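Right, one structure below, let's go through it.
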Amino acid sequence: MGNSMKKNYVIDDADRQSVKNQNNAWNKARSDINSILAKDYEVTYFICGKSKIGKLLHYFQLIFEICFKSDRVVLQYPFYNTRFLNFLSKHWLPKKCIVVIHDLDSLRQEKEESEVQKEIRFLNKFQSIISHNERMTAWLKEKGCHSKIVNLELFDYLTENKVQIKNKRDEAIAFAGNLSPNKSEFLYKFPDMPLKIHAYGNGYDSARSNNIEYMGSFPAERLPVVLNEKFGLIWDGTSTDKCEGSNGRYLRYNNPHKTSLYLVSGLPVIVWKEAAIALFVERNQVGITVDSLEDLKDKLDKLSDVKYSEMLEHTREISTRLQEGYYLKHAIAQCLED
């Protein structure tokens, strides 16, 4: 850890309690990173207060700790207190900072090239960047990012208790997330399948249900214990033919957090073949990739029991890694190699 008198710090300005208080996982990845680093690297992290006085006190505390007491800093990005971050980035953070990317807003929101370059210039201030995967890394480099970039591969997923993966599974496909037709319209157009569709999350529209069985909404930490389907589905947009629109385009670059949810739960995944995470799925043999959901029935019909058992065994191995924080630890170690 370098100087024994110094510490490592995680900087995050999102509300961790939202994960505990709401049945959604919008902040689960950030919370898990805080927990993994706090446990394994004796990291102290700060979350900026909501009041002006609270923020100001946090600012002064952070500046003191980072300037005089830190050995290494991990920054969760995007960091929404931009004024404070810009101040730090001009002075102390770049030489000692590892940036963990959760989202690239200029890419996700398909912003103009000027906004893309603004984000790239900011990232170029830092020593090391942990990107989602090789596709995102290639995009960053293409746009001019010259910081050291390491691929995370997969977001880890911590659970309250160790997940016990069962051999006997429900004959169904799980889909967890925002079930609103505005977000997951494809779900309400799902073609006939040899397996049922189990939907988990908020926003379910029973009036538009086709062959969907609504299973309810659960906290992010509990859901891995609840899921017991044969597969978990990673899809987005309005169409069952392909993942369309801005969300579909973003799937070509990002690591959807629900991939980690399914795998930690012991569910092999079904994913769009053009999604960036499909490369991980194919390499590690933890699921099925399809060009269209219309092709899925044929693939499921041809899937042998032996092949599925192999997928399940590979998924168990990944599940163990996710619960131990393996992917973040490995990426941090790579950042520190030089």
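Remember, it's a predicted structure, so these values are computed and weren't measured experimentally.
Side-chain contact annotation: T240 with E294, donor-acceptor N/O pair under 3.5 Å present. Side-chain N/O atoms of Y250 and D103 include a donor and acceptor closer than 3.5 Å. Side-chain polar atoms of S319 and Q323 form a donor-acceptor pair below 3.5 angstrom. No hydrogens or angles considered: a donor-acceptor pair under 3.5 Å links the side chains of E119 and S106. Using modelled atom types and a 3.5 Å distance limit, the side chains of N133 and N151 yield no donor-acceptor pair. For the residue pair E221 / Y157, no side-chain donor-acceptor distance below 3.5 Å is found, with atom types taken as modelled.
Between the side chain of Q117 and the backbone N or O of K143 there is at least one donor-acceptor pair closer than 3.5 Å. At distances below 3.5 Å, not a single donor-acceptor pair connects side-chain atoms of D236 with backbone N or O atoms of N247. The backbone N or O of R316 sits less than 3.5 Å from a side-chain atom of T320, completing a donor-acceptor pair. In this structure, N284 contributes its side chain and I318 its backbone to no donor-acceptor pair below 3.5 Å. Y262 places a side-chain N or O within 3.5 Å of a backbone atom of A176 that can act as its donor or acceptor partner. Using a distance-only test at 3.5 Å, with no hydrogens or angles considered, no donor-acceptor pair links the side chain of W272 to the main chain of A276. Between the S31 side chain and the N27 main chain, no donor and acceptor come within less than 3.5 Å of each other. Looking only at distances, no side-chain donor or acceptor of S184 sits under 3.5 Å from a matching main-chain atom of L187. With N124 contributing its side chain and H146 its backbone, the two residues share a donor-acceptor pair below 3.5 Å. In this structure a side-chain-to-backbone donor-acceptor pair under 3.5 Å is missing from Y200 to A174.
In this structure, R249 does not pair ionically with E244, as no charged nitrogen and carboxylate oxygen lie closer than 4.0 Å. Salt bridge present: D298 and K302 bring a charged side-chain N and a carboxylate O closer than 4.0 Å. Electrostatic pairing of K196 and D170 does not count as a salt bridge here, judged by no charged N lying under 4.0 Å from a carboxylate O. Between E324 and K329 no salt bridge is recorded (no basic side-chain N to carboxylate O distance below 4.0 Å).
When all heavy atoms of G201 and Y214 are compared, the closest pair comes out as O-OH, 2.7 Å. Here the closest non-hydrogen pair linking K258 and L233 is CD-O, 3.8 Å. Between V290 and I288 the shortest heavy-atom distance is CG1-CG2, 3.9 Å. A pairwise comparison of heavy atoms in V264 and L322 identifies N-CD1, 3.6 Å as the closest pair.
Annotation for K299: atom NZ counts as buried by contact number, over 12 foreign heavy atoms lying within 6.0 Å. Counting non-hydrogen atoms of neighbouring residues, nucleotides and ligands closer than 6.0 angstrom, the CG atom of D301 exceeds 12 such neighbours. Crowding of E112 atom CD: a count of heavy atoms from other residues, nucleotides or ligands under 6.0 Å not exceeding 12.
Hydrophobic clustering places V269 together with V226 (ILVMFWY residues linked when any side-chain heavy atoms are closer than 4.5 Å, directly or through intermediates). L312 is connected to L261 through a chain of hydrophobic side-chain contacts under 4.5 Å among Ile, Leu, Val, Met, Phe, Trp and Tyr, so both are in one cluster. Hydrophobic clustering, with ILVMFWY side chains joined whenever heavy atoms are under 4.5 angstrom apart, groups I234 together with L179.
Within the model, atoms OG of S260 and CG of L158 stand 10.5 Å from one another, a figure rounded to the nearest 0.5 Å. Here C335 contributes atom SG and F126 contributes atom CZ; the two are 13.5 Å apart, rounded to the nearest 0.5 Å.
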Passes ring-ring contact (aromatic ring centres under 6.0 Å, His included), F186 versus F175? Steps please. CA-CA 11 Å; F186 77 90; F175 180 78; 5.3 Å; yes
Salt bridge (Lys or Arg N to Asp or Glu O under 4.0 Å) assessment of E185 paired with K189: CA-CA 7 Å; E185 186 175 341; K189 304 174 182 177; 3.1 Å; yes
Run the side-chain contact (heavy atoms from CB on, under 4.5 Å) check on M311 and H314 step by step: do they pass? CA-CA 5 Å; M311 282 184 189; H314 294 312; 5.7 Å; no
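Under the 30°/60° scheme for interplanar angles, the aromatic rings of F280 and Y327 are found to stand perpendicular.
Residues H132 and F155 bring their aromatic ring centres within 6.0 Å. Taking the six-membered ring for Trp and the full ring otherwise, the centers of Y308 and F231 sit less than 6.0 Å from each other.
Screening L152, I149, L140 for a side chain to side chain contact (heavy atoms under 4.5 Å, CB included) with I101, the sole residue that qualifies is L140. Put simply, the residue from E274, E110, E134 that forms a salt bridge (Lys or Arg N to Asp or Glu O under 4.0 Å) with R252 is E274.
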